[in-house]
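The next block holds one structure in the form of structure tokens; read it before the comments.
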Amino acid sequence: TPQDLTFFDPCMGSGHILVYAFDVLIQIYKKSGISERDAAQSILHNNLYGLDIDDRAAQLAYFAVMMKARQYDRRIFSRGIQPHVYAIVESNGLDNATIDYFTNNDPKLRKDFGTLVDELRDAKEYGSILNITPVDFDDLYARVEAVRKDISLYRENVLNAVLPLILAADVMTQKYDVVVTNPPYMGNKGFSTKLLDYISKWYYESKIDLFAVFIQKCSYMANN
């Protein structure tokens, strides 16, 4: 069904590919007899996913996708639907007190969240080529919802720093029916030692050019 079709842009920039995909998906929904208004809501909820290392680019992409949705549903902003469009978040700034509060003395929660914290360290250095270990994201989201109802001083830390990290990691662990992007064209110029080491470890076939690395990564993230 149209609701099952997933589309991902791992280097979304300001979201122009996602906006184009939105129009294509609207046509697919319409051919299935679904109204444009219902289709717009479903596309935000089910179909489109995007990531970028640049916070401002992610904000522009969010705005572009929401304005495109509003073209088909004028009340979309009042429906509380958030698109799966995120900036990649680093774990570097998370303090131990916030981590302890979030994991709540739960060994499984601590193990799963600890895995994400370790793998998303310096995440903006690597971007979407990061290989994130799948964990129990449902459990992590359930803990976030419990925190929403809490009055702890760490509540805002979780909602503003922990949740964005979980959301971005969740997107990076999934596979998608369609993966489309305009990858960076920069050869290997300006690579940091960390980035070169990571590429050499995980993308040895493509280490000459970051463009080739992303093509390889896209093939990993696409459903076969």
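Position 1 is the first residue of the sequence; numbering continues from there. Model, not experiment: these values are computed from the prediction.
Residue Met66 comes nearest to Pro83 through the heavy atom pair SD-CD, 3.5 Å, listed as atom of the first residue, atom of the second, then distance. When all heavy atoms of Ile166 and Phe137 are compared, the closest pair comes out as O-CE2, 3.7 Å. When every heavy atom of Asn47 is checked against every heavy atom of Ser42, the shortest pair comes out as OD1-O, 3.6 Å. Annotation for Leu140 and Phe102: closest pair O-CZ, 3.7 Å, computed over non-hydrogen atoms. Among all heavy-atom pairs drawn from Leu48 and Ala21, the shortest one is CD2-CB, 4.0 Å. The minimum heavy-atom distance linking Leu44 with His84 is given by the pair O-CD2, 3.4 Å.
Rounding to the nearest 0.5 Å places CG of Leu210 at 10.5 Å from CD1 of Ile215. The structure places CD1 of Ile43 at 9.5 Å from CD of Gln3, a figure rounded to the nearest 0.5 Å. Atoms CG and CD, from Leu163 and Glu145 in turn, are 8.0 Å apart once rounded to the nearest 0.5 Å. Taken from CD1 in Ile53 to CE in Met12, the straight-line distance is 11.0 Å, to the nearest 0.5 Å.
Between Glu36 and Lys30 a salt bridge is recorded (basic side-chain N to carboxylate O distance below 4.0 Å). Classification of Arg70 and Asp73 as a salt-bridged pair fails, no side-chain N sitting under 4.0 Å from a carboxylate O. A salt bridge links Lys124 to Asp55: at least one charged side-chain nitrogen sits closer than 4.0 Å to a carboxylate oxygen. Salt bridge annotation for Asp112-Lys108: present, with a cationic side-chain nitrogen under 4.0 angstrom from a carboxylate oxygen.
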Quiz item: Would Leu18 and Val85 satisfy side-chain contact (heavy atoms from CB on, under 4.5 Å), going step by step from the backbone distance to the final call?
Solution: CA-CA 9 Å; Leu18 293 175; Val85 174; 4.1 Å; yes
Self-check item: Step-by-step side-chain contact (heavy atoms from CB on, under 4.5 Å) determination, Leu116 to Ser91
Solution: CA-CA 8 Å; Leu116 299 187; Ser91 61; over 6 Å; no
Practice problem: Start with the C-alpha distance between Phe7 and Tyr176, add both sets of side-chain angles, then the distance that settles ring-ring contact (aromatic ring centres under 6.0 Å, His included), and finish with yes or no. | Solution: CA-CA 6 Å; Phe7 181 102; Tyr176 301 88; 9.1 Å; no
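By the 30° and 60° cut-offs, the orientation of the rings of Tyr198 relative to Tyr203 is tilted.
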